[in-house]
Number of protein chains: 2
Amino acid sequence: MPSGHHHGDDCCGGGQDRAERALARARAAGLRVTEARRSLVRILAQSKLPLAVEEIHRKVGRQRADRVTLYRSLDAFERAGIVQRHTLEKGRSLYALTSGAHHHHHVVCRRCGAIERLAECDTAAVEAAARARGFADLSHVLEIQGVCPRCAHG
Amino acid sequence: MPSGHHHGDDCCGGGQDRAERALARARAAGLRVTEARRSLVRILAQSKLPLAVEEIHRKVGRQRADRVTLYRSLDAFERAGIVQRHTLEKGRSLYALTSGAHHHHHVVCRRCGAIERLAECDTAAVEAAARARGFADLSHVLEIQGVCPRCAHG
DNA sequence: GTCCGTGCAAATCATTTGCACTTCT
DNA sequence: AGAAGTGCAAATGATTTGCACGGAC
């Protein structure tokens, strides 16, 4: 259930801005800005890697926001395009701020769950094929799985 | 929860062979061949598209195999490389025989759940990037989402 | 003042597990 | 015989929903 410990997970200062921008976008989308949502966005802004709701809940502090509230807010943010959701196996998903971040994917270690970010993306051909079939408004989810260096030599 | 009605779902005769080959592979992998598994493989062999366990259960006939048995067999087959599993949102997954089928992906309609198969696959660059990061034994899941022609103009 | 957002408890859903029993090989 | 497979019931785990209350605008 972890998703990216043991690799830099927190941030470098830019978090402040990213958070503000995200909240502004939320406001612009007609969503209300509450303390719970501020905390949620702050945590997401501080993390370079996508986080699971469970992790967000822990980092936010269970008393600052209920898990359910996080789910509902993340859902609202996703609809507003403020948050991007990554679907992984076993019904788990990770969330990250859409803002600023360039389009990218991740590698997930099958054994320890470590996640790394990849800038590369060449799914164009596949999307083109889908478009040729008449599908519109396309998007995709690309998940690379493997065994990370640490786990590999162990 | 549907996964590919309204498009050809059953097959063309080759199913017999595909099923036999799959069972042979299972046997070779040290797995036992039972009635439940024969039914399971027959259903998978007859379908060109990946199926959800629920659908398989229905097609097999609830009395011929318990849902749990299907899950366990599919798991065993997956480990043996006889079945390929596709992970989708909301914790659902679809299964299909690996045999014969060339590597490919699918487009899923966001609205009606219709699925179409795509031969194209150009995730090479992304896998290469992952490999460069030290990850080994790579595999990937690529899911294209969009709105199918039928839903689009409606 | 109105809605939207929130917490808590309870409900879902797909999948997994425990256990005693059956059946391949 | 003995391990592997099976069914049924019950457990999981992530996510969702119902409902009354509270706060943002």
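All of these numbers come straight from a predicted model, not from anything done at the bench. Each chain gets a letter, A, B and so on, in the order its sequence line appears, and its residues count up from 1.
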Please report the end-to-end axis angle for the helix from C:dT12-D:dA14 to C:dT25-D:dA1, five pairs per end, rounded to 10 degrees.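 Inter-axis angle at the termini of the helix from C:dT12-D:dA14 to C:dT25-D:dA1: 30°.
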
Which residues pass the side chain to side chain donor-acceptor pair (under 3.5 Å) test with B:D75, sequence neighbours left out?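 In terms of side chain to side chain donor-acceptor pair (under 3.5 Å), with neighbours along the sequence ignored, B:D75 is linked to B:R79.
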
State which residues pass side chain to side chain contact (heavy atoms under 4.5 Å, CB included) with [X]; sequence neighbours excluded, sorted by chain then number.
X	value
B:Q63	none
B:A80	B:A29, B:L31, B:I82
A:R85	A:E78, A:S93, A:Y95

Should the pair B:R92-B:E54 be classified as a salt bridge under the 4.0 Å nitrogen-to-oxygen rule?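 No, this pair does not count.
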
Mind calculating the distance between [atom1] ([X]) and [atom2] ([N]) to the nearest angstrom?
X	N	atom1	atom2	result
A:L70	D:dT16	CG	P	13 Å
B:E55	C:dA14	CD	C1'	14 Å
B:Q63	D:dT6	CD	C1'	15 Å
A:D66	D:dT15	CG	C1'	12 Å
A:F77	C:dT6	CZ	C1'	13 Å

Describe the nucleic acid contact of B:A65 in one word from base, sugar-phosphate, nothing, applying a heavy-atom distance below 4.0 Å.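 The residue B:A65 makes sugar-phosphate contact but no base contact.
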
Counting primed atoms, P, OP1 and OP2 as sugar-phosphate and everything else as base, the B/S/- map of nucleotides 18-25 of chain C against protein heavy atoms under 4.0 Å is B-----BS

Between B:E54 and A:R64, who's closer to the 5' end of DNA chain C by nearest nucleotide?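 Going by which nucleotide is closer to the 5' end, it is A:R64.
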
